[in-house]
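One-based numbering along the sequence shown. Counting starts at 1 for both ligands and their atoms, following the listed order. Both backbone and side-chain heavy atoms feed into the values below; hydrogens, waters and symmetry mates do not. For clarity, every value in this text was computed on a predicted model and none was experimentally measured.
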Amino acid sequence: MSSLSEQFARLNQHLQQLAQQNQDDCPQLIAVSKRQSVNAIRELYAAGQRAFAENQVQEARQKQEQLQGLAIEWHFIGPIQSNKTRAIASTFDWVHSLDRFKIARRLAEQRPIELAPLNACIQVNIDVEASKSGVTPEACAALCLQVSVLPGIRLRGLMCIPRKTADPAQQLDSFQRMADLQAEIQQKLPQLDTLSMGMSDDYAAAIAAGSTMVRIGSRLFGERN
Ligand SMILES: *Cc1c(COP(=O)(O)O)cnc(C)c1O
């Protein structure tokens, strides 16, 4: 086994172990392949991984072309510019970084009719940091309600990138506020089933708070180019 396949196996084991400790289902692993090679994606695919995430449309389109024919589920996790919505709507299965209604409406209008609705998470700026995108926690419920009625989009839940800290208690605090916010919004939108949270350095805390999708890059592939 190569080191990438080995790391993939170890990471899956760790995710399962954390989920068991938490008496919860194992979260889905989204392999964040931004700035990683097509060969690395192929190798994880051969090992059974199907969900891959990219944060730049141009880079993603190149990889999608080279990987045509593989049953990859593509997740978009980067900032969404208006002039990129058509490419995203036609080539991705999920977006995790939706934070404006105008963009949601474009994605919904541009989603090709022959494809299933685009799965979407609303990105929440959970620690209200000036440097981060995402809707504020206060504005989140209203945006969810607006997006939830758009044909062409299937609203699935919330996503966050919390404040960077190595303190597990602070990590947990941010993720728990996300879980509380999701529970509050579920009272009006019970169909929401996804909490996209947890990256290489904080996925244990995210799982303890009930994450259903972890987005992991460097801890899986190694450092990015
Ligand atoms: C890059 C990125 C990740 C993965 O980050 P790692 O620390 O490498 O695991 C997850 N989510 C988003 C939105 C990202 O941009």
Do you see a donor-acceptor pair shorter than 3.5 Å between the side chains of [X] and [Y]?
| X | Y | result |
| --- | --- | --- |
| His75 | Glu73 | yes |
| Arg215 | Ser196 | yes |
| Arg10 | Gln7 | yes |
| Thr136 | Asn125 | no |

Distance to 0.1 Å, residue and atom name: give those for the protein heavy atom nearest to [atom].
| atom | value |
| --- | --- |
| atom 5 (O) of ligand 1 | Met199 CE, 3.5 Å |
| atom 9 (O) of ligand 1 | Ser200 OG, 2.5 Å |
| atom 11 (N) of ligand 1 | Arg215 NE, 2.9 Å |
| atom 12 (C) of ligand 1 | Ile77 CD1, 3.5 Å |

| Which heavy atom of Phe76 sits nearest a heavy atom of Val57, and at what distance? |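 The pair with the smallest heavy-atom distance is CE1-CG2, 3.7 Å.
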
| query | Counting both backbone and side chain atoms, is some N or O of Arg219 under 3.5 Å from an N or O of ligand 1? | reply |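 It does not: no N or O of Arg219 is found under 3.5 Å from an N or O of ligand 1.
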
| message | Using a 3.5 Å cut-off on N or O atoms only, is Gly217 in polar contact with ligand 1? | response |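 Yes; the residue has a nitrogen or oxygen that sits under 3.5 Å from a nitrogen or oxygen of the ligand.
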
| field | Those atoms of ligand 1 less than 4.0 Å from some heavy atom in Ile216 | value |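 Going through ligand 1 atom by atom, the ones under 4.0 Å from Ile216 are 9 (O).
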
| With atoms numbered from 1 as shown, which atoms in ligand 1 lie under 4.0 angstrom from a non-hydrogen atom of Ser218? |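 Counting atoms of ligand 1 from 1, those under 4.0 Å from Ser218 are 6 (P), 7 (O), 8 (O), 9 (O).
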
| On the ring face of Tyr45, is Arg50 found with NZ or CZ under 6.0 Å from the centre and within 45° of the axis? |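 Judged by the rule, Arg50 and Tyr45 form a cation-pi pair.
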
| task | Using a 4.0 Å heavy-atom threshold (strictly under), name the region of Lys34 that reaches ligand 1: side chain, backbone, both or neither. | result |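 The part of Lys34 near ligand 1 is the side chain, not the backbone.
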
| field | Structural part of Ile161 in contact with ligand 1, heavy atom criterion under 4.0 angstrom | value |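 For Ile161, the contact with ligand 1 is made by the side chain alone.
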
| Which of these passes side-chain hydrogen bond (donor to acceptor under 3.5 Å, both in side chains) with Glu54: Lys63, Arg61, Gln36? |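 Single side-chain hydrogen bond (donor to acceptor under 3.5 Å, both in side chains) partner of Glu54 among Lys63, Arg61, Gln36: Lys63.
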
| Just one of Arg177, Gln176, Gln170, Gln171 clears the side-chain hydrogen bond (donor to acceptor under 3.5 Å, both in side chains) bar with Asp173, so which one? |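 By the side-chain hydrogen bond (donor to acceptor under 3.5 Å, both in side chains) criterion, Asp173 pairs with just one of Arg177, Gln176, Gln170, Gln171: Arg177.
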
| query | What do you reckon, does His96 put a non-hydrogen atom under 4.0 Å from ligand 1? | reply |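 For ligand 1, residue contact (heavy atoms, under 4.0 Å) with His96 is absent.
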
